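Position 1 is the first residue of the sequence; numbering continues from there. Given the structure is predicted, the values throughout are model-derived calculations rather than measurements.
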Amino acid sequence: MPVPAAVHVLLLGGTTEARRLAEGLAGDRGVRVTTSLAGRVAAPRLPPGAVRVGGFGGPEGLAAWMREHDVHALIDATHPFAAAMSRNAAEAAALAHVPLLALRRPGWAARDGDRWHSAGSLAEAAGLLPALGERVFLTTGRMGLAAFVGAGLDALWFLVRSVDAPEPPGPARMEVLLDRGPFSLDGEREIIRRHRIDVLVTKDSGGDATAPKLTAAREAGIPVVVVRRPPVPDGVPVAATPDEAVRWVARLRAAG
């Protein structure tokens with residue numbers, strides 16, 4: 001698709017990086033940004049520019065929306081674990097002949113003193129828990145709690161932290177902590193101390209907003225189950241920072 005001097009960028013958002021990218025593009029008169037949010041969070045932090053909320057109806061629906069609204073570039077800045085949306089974005093970009101970029105903050109790396117256990121899924125993470133601890137700090141969000149339901153897990157106690165209240169099914173013994181990052185190191189230390197946490201479960205989301213829990217776990221000497229992130233679809237270029245994505249958009253404009 002030819003890229004005009006003024007480009008319409010569809011930004012699949014919902015992350016801190018997506019909001020920062022929208023802010024970075026907002027001052028460019030040659031760029032018009034529409035951020036799409038899934039609508040799973042009750043009160044999202046809205047970025048500058050146009051915002052739409054809700055799904056597209058699969059890759060065909062997304063491709064049709066881009067054609068209808070004259071989109072010239074698609075940026076997938078969804079959560080690193082939004083694998084289905086990333087696959088849809090790759091298929092839709094191919095259908096609509098629109099260039100696609102994935103914006104993915106780097107994952108976390110273990111440091112000296114960390115007791116990390118890698119898992120390929122929430123179900124695999126749940127299977128590791130009985131051998132690691134009895135009081136679990138579960139920070140994987142409100143989706144997927146069914147993976148932590150089962151006879152082998154009923155004896156464990158879970159502190160489940162999420163932005164919005166989770167829906168059942170969930171662990172047999174759990175307390176819900178509604179909170180939104182960024183989180184402080186002192187706050188994470190206090191949670192581990194007050195709730196006598198002896199194992200932490202997290203997705204490898206990367207970034208600074210939720211990283212203090214890893215430091216607090218290291219200091220407390222407790223094991224951490226880290227769920228590996230899914231790969232970006234084959235052939236999709238990746239930017240690690242919003243600034244890199246801004247430069248990608250600038251190159252598209254220059255090439256057009």
Supply the atom-to-atom distance [X] [atom1] to [Y] [atom2], rounded to the nearest 0.5 angstrom.
X: Asp204; Y: Leu214; atom1: CG; atom2: CG; answer: 9.0 Å
X: Phe137; Y: Arg196; atom1: CZ; atom2: CZ; answer: 15.0 Å
X: Leu153; Y: Phe148; atom1: CG; atom2: CZ; answer: 8.0 Å
X: Leu12; Y: Leu62; atom1: CG; atom2: CG; answer: 6.0 Å
X: Leu11; Y: Leu25; atom1: CG; atom2: CG; answer: 8.0 Å
X: Leu122; Y: Met143; atom1: CG; atom2: CE; answer: 11.0 Å

Please report the closest heavy-atom contact between [X] and [Y], naming both atoms and the distance.
X: Leu74; Y: Ala93; answer: CD2-CB, 4.3 Å
X: Val136; Y: Val201; answer: CG1-CG2, 3.7 Å
X: Glu91; Y: Pro59; answer: OE1-CG, 3.3 Å
X: Leu156; Y: Pro130; answer: CD1-N, 4.3 Å
X: Leu10; Y: Ser36; answer: CD1-CB, 4.2 Å
X: Thr35; Y: Ala22; answer: OG1-CB, 4.1 Å

Taking atom [atom1] as the centre, does [X] end up with more than 12 heavy-atom neighbours from other residues, nucleotides or ligands that are less than 6.0 angstrom away?
X: Arg228; atom1: CZ; value: yes
X: Asp179; atom1: CG; value: yes
X: Arg194; atom1: CZ; value: yes
X: Glu134; atom1: CD; value: no

Side-chain heavy-atom pair [X], [Y] within 4.5 angstrom cut-off:
X: Glu188; Y: Thr139; answer: no
X: Phe81; Y: Val227; answer: yes
X: Leu101; Y: Val236; answer: no
X: Arg253; Y: Asp28; answer: yes
X: Thr210; Y: Thr202; answer: no
X: Leu185; Y: Glu219; answer: yes
X: Leu37; Y: Leu46; answer: yes
X: Leu159; Y: Met174; answer: no

Single-linkage hydrophobic cluster [X]~[Y], side-chain heavy atoms < 4.5 angstrom:
X: Ile192; Y: Val226; answer: yes
X: Val199; Y: Trp116; answer: no
X: Trp248; Y: Val31; answer: yes
X: Val225; Y: Trp108; answer: no
X: Phe158; Y: Leu200; answer: no

| Ring-face cation contact, Phe183 with Arg161, 6.0 Å cut, 45° max |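 Verdict for Phe183: a cation-pi partner in Arg161.
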Any side-chain to backbone donor/acceptor pair from [X] onto [Y]? Under 3.5 Å, distance only.
X: Arg229; Y: Pro80; answer: no
X: Asp198; Y: Arg135; answer: yes
X: Arg247; Y: Val249; answer: no
X: His72; Y: His8; answer: yes

| task | For Arg193 and Glu190, run salt bridge (Lys or Arg N to Asp or Glu O under 4.0 Å): C-alpha distance rounded to whole Å, both residues' side-chain angles, the deciding distance at 0.1 Å, then the answer. | result | CA-CA 5 Å; Arg193 184 200 65 78; Glu190 176 61 17; 2.5 Å; yes
| query | Run the side chain to side chain donor-acceptor pair (under 3.5 Å) check on Thr34 and His69 step by step: do they pass? | reply | CA-CA 10 Å; Thr34 299; His69 293 83; over 6 Å; no
| Is there a salt bridge (Lys or Arg N to Asp or Glu O under 4.0 Å) between Arg111 and Asp114 once you walk through the steps? | CA-CA 6 Å; Arg111 296 173 52 181; Asp114 283 327; 5.7 Å; no
| request: Evaluate the criterion side chain to side chain contact (heavy atoms under 4.5 Å, CB included) for residue pair Ser86 and Val232; output intermediate values, then yes/no. | output: CA-CA 7 Å; Ser86 294; Val232 172; over 6 Å; no
| query | With respect to Glu17, which candidate in Arg104, His79, Arg105 satisfies the side-chain hydrogen bond (donor to acceptor under 3.5 Å, both in side chains) definition? | reply |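 So the option named by the test is Arg105.
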| task | Under the side chain to side chain donor-acceptor pair (under 3.5 Å) rule, what do Thr78 and Asp76 come out as? Steps first, then yes or no, please. | result | CA-CA 6 Å; Thr78 57; Asp76 172 17; 2.6 Å; yes
| task | Classify the angle between the aromatic ring planes of Trp157 and His195 as parallel (below 30°), tilted (30 to 60°) or perpendicular (above 60°). | result |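 Ring orientation of Trp157 relative to His195: parallel.
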